[in-house]
Amino acid sequence: MVADTVAYLAEIRDTPAWAPMPDSVKQALTQPLPRLGVGAERAYAEFVEHVLPYTNGNRHPRFFGWVQGNGTVLGMMADMLAAAMNPHLAGFNHAPALVEHQVIAWLAELFDMPGASGVLVTGGTMASTLGLTVARTAAQRAAGDDTRHYDTRHYGVQAWPDREPPRPLVFYGSTETHGWAGKAAELLGLGNRAFRKIAVDAEYRIRLADLREQITADRRAGLQPFCVVGTAGTVNTGATDDLDALADLCHAERLWFHVDGAFGALAYLSPKLRPALRGLSRADSLGFDLHKWGSLPFECACLLVRDPDAHHAAFAYDTSHAAYLAKLTRGVTAGGFPFADRGIELTRGFKALKVWMSLKADGVDKLARLIEQNVEQTRYLKQRVEQTPELELLASAPLNIVCFRYRRPGASEEALNALNSEILLRLQEQGIAVPSSTVLDGRFAIRVANVNHRTRREDIDAIVDGVLKVAASA
Ligand SMILES: Cc1ncc(COP(=O)(O)O)c(C=O)c1O
C-alpha cells in the first residue's frame, strides 16, 4: 500500500486535475453491508479501483479551489505511524503528549506569542470557534459577580426565573469573515444577530470607523460587546484587516481580540510577507490551519491563547463531577489531561506527530520559502490576467488569491456571470485545473487560491490558457 501510494503521488502531475465519477463507481459504493469479509487484499483492490482516483483533486498541482492544502508524503507516513501507535491525547504522561506540547511551544514562538497555551484541532472552524468560546468566558470572568453579565458555565444562555436576564453578548468581524463565525454564534447560543458584521473598504478590509461606531451604539443600547474578530487572509480575496489597529482598538475598548488566520497567518513565517500581518502577534487568541498553507494532510489546525488561565477556564473539566478524570501525581495520568481541558474533545489522536516530523525534517525556512513561492506565482497570475485583454481582475490579490473573469464585449453582467460559471465548470470537468468561484459585488469570479506546494509556473499558465480555450467554445 505504501509503495503504491508513493508511486501514485509521483505521477499525479500526468493525471487530470479532477475526474467525474463514472456510474460504475457510484454503484460500487452503494453495496449492501458485508456480512462476510472479502479479505484485506480484495478490499484494497476495490479501494484502488473505485476510491483512489476520484477525490476532489486537491493533491494535484493544478488544484486551486477553496483553500485546500495538498498534504505531503512525510505527513502521510507520520499519520500512519501515529495510527500505529494510536495513543490517546487527552494528555497523559507519555511521549506523544510531550510532542504536542513541543509543537505548540514551537508554533507559539513562530507567531511571537511565547508562553501561549494551545491545542491542535481538526480545522480552522474548530480553532476559531474555540477561540470565540474562550473570549466569551474571559468577558464573564472579568465581570465577576455582576449579574448583568452572562455566566455561561453555570447558567448557560437561558433565562432563569431567579435571575435578571443579563445583557445580550455581541461580537464583531467584517462582512468578509468566514462562515465559521455565524456557525459559532449559533452553536454558542448567541444567535447570528450577535455577530455584528461590519462593512469593508475597497480592499475588503474591515472599516475601523464603522466598527468603532457600532461598538458605541451597541453599548448605548445595553448590549455587551466581548470580542472583535480580525482576519489574516480572507477566504474571498486574501485581504488582511489592519490587525495592529484592531489590537489598539480592542485594548482601548477592553475587548478580546481573536485573529482568524486559517491560511493567511502562515505568511507570518516569511520575513518578506510579515509586515502585512503586523499586529497578529498581539491577538488574545489565534486560530490557524496547518492543513492549508502548512501542507499537512487533513485534519490539522491550532488554537493559540495568549493567557493560559483564560484558556483553561473556558474548558477545564470540573473533576468534582468527573472523578474518573482526576489527576494523579504518578503513573500514566500524571500531569492530568491538559489537552482535553483546552477544547471540547476528550479522545484526541496524535495529530502532533505530523507537525513535529515535518518541522524537524524540513525546517521552518523551507515552509516559508514555499509560501513565498505561492505568493510569487499568484503575482504572476495577476500579471497575466492584467496583460490579457479578454480577462479582468476583480479584486486586488494582495496575498495568494486571484479573482478574475472572462470578458466578452457588449455582454450584460448577467450574461458574463453565466459565461464565467460555465467556463469554471468546464475547466473542472475537463480536468484542466480546479479553481473555485465566488461573487464580488454581484460579479461571478473565477477564484484561484494557491496554497499548493506542487504548483509550478507552467500550471499558472495552464489556467490562463485553459480559460481562454474553454471560453472560445462556451
Ligand atoms: C479565512 C478562513 N477561516 C476559516 C476557514 C475554515 O477552516 P477549516 O476549513 O479548516 O475549518 C477557512 C477555510 O477556508 C478560511 O479560509
Side-chain angles (χ1 to χ4, degrees), residues 56 58 63-71 75 107 111 118-133 171-187 195 197-198 200 203-206 227-241 243 246 257-268 276-277 280 283 285-304 343-345 351 354-355 371 374-375 378 395 397-403 434-440 445 447-452:
N56 52 316
N58 60 316
F63 184 95
F64 306 102
W66 306 274
V67 195
Q68 298 179 3
N70 309 98
L107 294 171
F111 289 108
V119 64
L120 296 181
V121 292
T122 47
T125 296
M126 182 60 95
S128 282
T129 300
L130 296 184
L132 193 68
T133 312
F171 69 101
Y172 305 81
S174 83
T175 49
E176 292 294 302
T177 308
H178 187 273
W180 70 263
K183 231 184 205 187
E186 293 171 26
L187 181 71
F195 174 33
K197 295 192 184 87
I198 307 298
V200 289
E203 299 292 317
Y204 294 97
R205 292 173 309 199
I206 192 165
C227 176
V228 174
V229 175
T231 301
T234 58
V235 64
N236 269 332
T237 68
T240 292
D241 291 327
L243 301 176
L246 287 180
F257 180 33
H258 176 77
V259 174
D260 170 13
F263 63 92
L266 277 258
Y268 195 85
L277 299 168
L280 177 127
S285 53
L286 169 67
F288 58 96
D289 282 299
L290 292 153
H291 62 206
K292 290 185 164 71
W293 233 348
S295 290
L296 294 181
F298 301 143
E299 299 140 345
C300 197
C302 181
L303 170 71
L304 292 176
I344 55 174
E345 291 163 326
K351 289 185 186 60
K354 58 189 164 195
V355 190
I371 288 168
N374 287 151
V375 173
T378 309
L399 194 59
N400 64 331
I401 299 180
V402 180
C403 292
V434 183
S436 59
S437 65
T438 191
V439 176
L440 298 172
R447 176 182 164 283
V448 173
N450 187 1
V451 290
N452 196 324

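Indexing begins at 1, ligand by ligand and atom by atom, following the structure's order.
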Geometry only, no angles: is Asp289 polar-contacting ligand 1 at N/O separations under 3.5 Å?
yes
Taking the minimum heavy-atom distance to atom 10 (O) of ligand 1, which of Gly233, Gly69, Gly124 ranks first?
Gly124
Counting each atom of ligand 1 from 1 as listed, which ones have a heavy atom of Phe263 under 4.0 Å away?
16 (O)
Of Val67, Thr125, Thr122, the one whose closest heavy atom lies nearest atom 6 (C) of ligand 1 is Thr125
In terms of relative ring orientation, are Phe171 and Phe195 parallel, tilted or perpendicular, with 30° and 60° separating the classes?
parallel
Can you say whether the rings of Phe111 and Tyr268 are parallel (under 30°), tilted (30 to 60°) or perpendicular (over 60°)?
tilted
Is Lys292 touching ligand 1 with its side chain, its backbone, both, or neither, if touching means heavy atoms under 4.0 Å apart?
side chain
Among non-hydrogen protein atoms, atom 2 (C) of ligand 1 lies closest to Ala262 CB, 3.3 Å
Rounded at 0.5 Å granularity, tell me how far NE2 in His258 sits from CG in Leu132.
7.5 Å
Reference residue Glu176; test side-chain hydrogen bond (donor to acceptor under 3.5 Å, both in side chains); the match among Thr237, Asn236, Thr231, Thr234:
Asn236
Find all atoms of ligand 1 within a distance of less than 4.0 Å from any non-hydrogen atom belonging to His291, and give their numbers and elements.
10 (O)
Given Phe263, which partner from the list Asn374, Ile401, Asp289 fulfils the side-chain contact (heavy atoms from CB on, under 4.5 Å) test?
Ile401
So between Glu299, His178, Gln68, Glu176, whose heavy atom ends up nearest atom 15 (C) of ligand 1?
His178
Counting from 1, what ligand 1 atoms have a heavy atom of Gly123 closer than 4.0 Å?
10 (O), 11 (O)
Classify the side-chain pair Asn70/Asn452 by whether it contains a donor and acceptor separated by less than 3.5 Å.
yes
Check whether any side-chain heavy atom of Arg447 sits under 4.5 Å from a side-chain heavy atom of Leu440, and report yes or no.
no
Got the closest protein heavy atom to atom 3 (N) of ligand 1, with its distance?
Asp260 OD2, 2.7 Å
